[in-house]
Amino acid sequence: MPGTSLAVEADGLHKRYRSKVAVDEVSLSIPAGEIFGILGRNGAGKTTTVELVAGLRRPDRGTVRVLGLDAQRDRARLRQLLGVQLQESHLHAALTVAELVRLYGTFYRDPLDSGELIESVGLTGSRDVRFQNLSGGQQQRLSIALALVGRPRVVILDELTTGLDPEARRQMWSTVESLRDDGVTVLLVSHAMEEVERLCDRVALLDAGRVVALDSPSGLVRRAGFAQRVTFLAAEPVPKRLLEGLDGVERVRADGGRVVVEGRGDLLQVVSVALVRAGIVVTETRGEHATLDDAFVALTGRHLDNERHDHERQDDDKEALR
């Protein structure tokens with residue numbers, strides 16, 4: 001294998017399906033041993049991007065090298081070094097968990113022990129269950145096991161914890177962290193903010209097939225433009241001028257009928273004092289720090305999971321503020 005300090009080098013990737021551009025000039029440089037997140041809404045181009053990286057799809061233009069190997073020309077060699085878990089698993093329905101893990105192990109020179117691997121993904125009690133009889137969460141765990149069976153140096157995990165219960169989700173997170181400890185590079189595709197914030201060293205935000213920002217989770221949060229947020233529900237309309245002139249306040253808006261104040265400093269105390277002095281009764285007051293979701297909104301203009309249109313947000317503003 002050619003030596004390289006970068007595990008993944010993608011340059012100018014472009015992929016179109018008929019009239020839709022799925023990936024638009026995406027370039028990524030991912031060092032070995034990093035957990036690299038790809039975050040975006042449904043249809044943002046996340047899965048197509050990692051399929052191009054894995055060599056599963058051919059780009060219309062652009063190049064990909066993984067561990068120094070060309071993702072298209074060197075696919076046979078790359079299979080021994082790359083593990084891939086995609087959202088949908090198409091496996092032999094009649095084979096059991098243990099049979100599938102052993103089968104996939106034969107594709108590699110030095111596979112992991114099948115029993116230990118099955119235990120590590122929490123499927124010991126289902127080792128003799130046929131694939132067609134597994135729940136969605138169990139199928140997800142199995143697909144992760146199959147991605148890891150060949151001791152890969154780069155792993156692509158697409159929506160890692162979809163369908164998993166909280167305990168299984170935490171177990172998968174620990175598995176990913178142990179991969180990084182072993183020097184394995186992980187590409188994690190997700191729309192789960194908590195997962196990305198906990199696991200990823202860096203994150204690329206994709207929107208409409210393009211990388212709109214790339215930074216550490218904390219770096220992206222700083223780009224949200226504020227440090228804190230105070231939300232509350234008022235018993236009567238709140239004059240915007242009452243809050244906009246306060247020390248540290250940078251923005252006042254409404255979200256679903258709830259008043260949201262964004263800014264810096266001791267924001268909760270400043271807002272609370274102003275409301276009390278004005279004789280305005282509020283409920284459900286909550287102070288929060290900026291999150292990765294806030295960064296996504298700031299950088300793309302849209303919520304990751306909220307599909308409401310802008311004119312609906314404007315209607316909310318009219319209801320809550322005058």
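Everything numeric here is computed off the predicted structure, so don't read it as measured data.
- The pair Arg41-Asp207 does not count as a salt bridge, with every side-chain nitrogen at least 4.0 angstrom from each carboxylate oxygen.
- Residues Val297 and Val260 do not share a hydrophobic cluster, defined by chaining ILVMFWY side chains whose heavy atoms lie under 4.5 Å apart.
- Counting heavy-atom neighbours within 6.0 Å of Arg130 CZ, excluding the residue itself, gives a total of 12 or less.
- Side chains of Glu195 and Leu188 form a contact here, defined as non-hydrogen atoms less than 4.5 Å apart.
- Between the side chains of Asp294 and Thr291, at least one donor N or O sits under 3.5 Å from an acceptor N or O.
- For Ser143 (side chain) and Gln140 (main-chain N/O), a donor-acceptor pair under 3.5 Å exists by modelled atom type.
- Looking at heavy atoms from C-beta onward, Val184 lies out of side-chain contact with Val154 at the 4.5 angstrom threshold.
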Next item on the list: Test Glu9 against Arg65 for salt bridge (charged side-chain N to carboxylate O under 4.0 Å, His left out), laying out the working first.
Entry: CA-CA 5 Å; Glu9 300 171 84; Arg65 298 189 73 82; 5.0 Å; no
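- For Asp158 and Lys46, the salt-bridge test fails: no basic side-chain N is under 4.0 Å from an acidic carboxylate O.
- At a threshold of 4.5 Å between non-hydrogen side-chain atoms, the residues Val23 and Arg16 do not count as touching.
- Note on Glu262 versus Arg253: salt bridge recorded, some NZ/NE/NH1/NH2 to OD/OE distance being below 4.0 Å.
- Smallest separation of non-hydrogen atoms from Pro217 and Leu292: O-CD1, 4.1 Å.
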Item checked: Chi angles and distances behind the side chain to side chain contact (heavy atoms under 4.5 Å, CB included) call for Leu103, Val101 -> CA-CA 5 Å; Leu103 172 63; Val101 173; over 6 Å; no
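- For Asp113, the CG atom is densely surrounded, since the number of other residues' heavy atoms within 6.0 Å is greater than 12.
- Cluster annotation: Tyr108 and Leu142 are assigned to the same hydrophobic cluster (Ile/Leu/Val/Met/Phe/Trp/Tyr, side-chain heavy-atom contacts under 4.5 Å, transitive).
- Side-chain contact between Thr185 and Ile30 is present, with at least one heavy-atom pair separated by less than 4.5 Å.
- Annotation for Gln269: atom CD does not count as buried by contact number, only 12 or fewer foreign heavy atoms lying within 6.0 Å.
- Expressed to the nearest 0.5 Å, how far CG of Leu13 lies from CG of Asp60 amounts to 10.0 Å.
- Nearest heavy-atom pair across Ser29 and Arg202 is O-NH2, 2.7 Å.
- Cluster membership check: Val21 does not share its hydrophobic cluster with Leu28, using side-chain heavy-atom separations under 4.5 Å among Ile, Leu, Val, Met, Phe, Trp and Tyr.
- Under the 3.5 Å distance criterion, the side-chain polar atoms of Ser216 are matched with a main-chain donor or acceptor of Gly219.
- Put simply, the residue from Leu91, Leu117, Val97 that forms a side chain to side chain contact (heavy atoms under 4.5 Å, CB included) with Leu146 is Leu91.
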Next item on the list: Give the intermediate values and the outcome of side chain to side chain contact (heavy atoms under 4.5 Å, CB included) for residues Ser126 and Leu134.
Entry: CA-CA 8 Å; Ser126 303; Leu134 295 174; 4.2 Å; yes
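- To the nearest 0.5 Å, atoms CD1 (Ile144) and CG (Leu164) are separated by 6.0 Å.
- Under the 3.5 Å distance criterion, with hydrogens and angles disregarded, no donor-acceptor pair is assigned to the side chains of Gln132 and His92.
- No side-chain donor-acceptor contact under 3.5 Å links Arg57 to the backbone of Glu51.
- Every ring pair (Phe, Tyr, Trp, His ring centres under 6.0 Å) that Phe107 has, sequence neighbours left out, goes to Tyr104.
- For the atom pair Leu56 CG and Leu86 CG, the distance stands at 6.0 Å (nearest 0.5 Å).
- Nearest heavy-atom pair, Gln138 versus Ser135, reported as atom, atom and distance to 0.1 Å: OE1-N, 2.9 Å.
- Residue Glu194 qualifies as open at atom CD: its count of foreign heavy atoms under 6.0 Å is 12 or below.
- Here the OG1 atom belonging to Thr96 is positioned 12.0 Å from the CZ atom belonging to Phe131, to the nearest 0.5 angstrom.
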Next item on the list: Evaluate the side chain to side chain contact (heavy atoms under 4.5 Å, CB included) criterion for residues Trp173 and Leu160: first the C-alpha distance (whole Å), next the side-chain angles of each, then the deciding distance (0.1 Å), finally the verdict.
Entry: CA-CA 9 Å; Trp173 290 350; Leu160 171 69; 4.3 Å; yes
Notebook entry, point to check: Checking salt bridge (charged side-chain N to carboxylate O under 4.0 Å, His left out) for the pair Arg198/Glu177: CA distance, chi angles, key distance, verdict?
Noted result: CA-CA 10 Å; Arg198 167 167 170 167; Glu177 289 168 334; 3.1 Å; yes
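- Within the 3.5 Å criterion, the main-chain N or O of Arg77 finds no donor-acceptor partner in the side chain of Asp74.
- Pairing each heavy atom of Leu205 with each of Phe296, the nearest pair is CD2-CD1, 4.0 Å.
- Scanning all heavy atoms of the two residues, the minimum distance from Val84 to Ala54 falls at CG2-CB, 4.0 Å.
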Next item on the list: Could you walk me through whether Thr231 and Glu288 pass the side-chain hydrogen bond (donor to acceptor under 3.5 Å, both in side chains) test, one step at a time?
Entry: CA-CA 8 Å; Thr231 65; Glu288 302 171 320; 5.0 Å; no
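- Counting heavy atoms from C-beta outward, Val8 and Phe36 have side chains that stay 4.5 Å or more apart.
- Between the CD atom of Glu119 and the OG atom of Ser114 there is a distance of 11.5 Å, given to the nearest 0.5 Å.
- Taking all atoms of both residues into account, the shortest heavy-atom contact from Leu187 to Val50 is CD2-CG1, 4.3 Å.
- Side chains of Arg58 and Gln72: a donor-acceptor N/O pair is present below 3.5 angstrom, by distance only.
- Counting only heavy atoms from C-beta outward, the side chains of Leu233 and Val259 never approach each other to under 4.5 Å.
- Between Arg153 and Leu67, the closest side-chain pair of non-hydrogen atoms falls below 4.5 Å.
- Ion pairing between a basic and an acidic side chain is recognised when a charged N comes within 4.0 Å of a carboxylate O; Arg258 and Glu284 show such pairing.
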Note to self: Go through it in stages, so that I can follow the logic: the residues are Leu82 and Ile156, the test is side chain to side chain contact (heavy atoms under 4.5 Å, CB included), and I'd like the CA-CA distance, side-chain angles, deciding distance and then a yes or no.
What the structure shows: CA-CA 8 Å; Leu82 177 67; Ile156 294 174; 4.3 Å; yes
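- Electrostatic pairing of Arg61 and Glu25 counts as a salt bridge here, judged by a charged N lying under 4.0 Å from a carboxylate O.
- For the pair Arg264 and Glu250, the salt-bridge criterion is met [side-chain N within less than 4.0 Å of a carboxylate O].
- Using a 4.5 Å heavy-atom threshold, the side chains of Val212 and Leu206 count as separate.
- The structure places CG of Leu199 at 11.5 Å from CE of Met172, a figure rounded to the nearest 0.5 Å.
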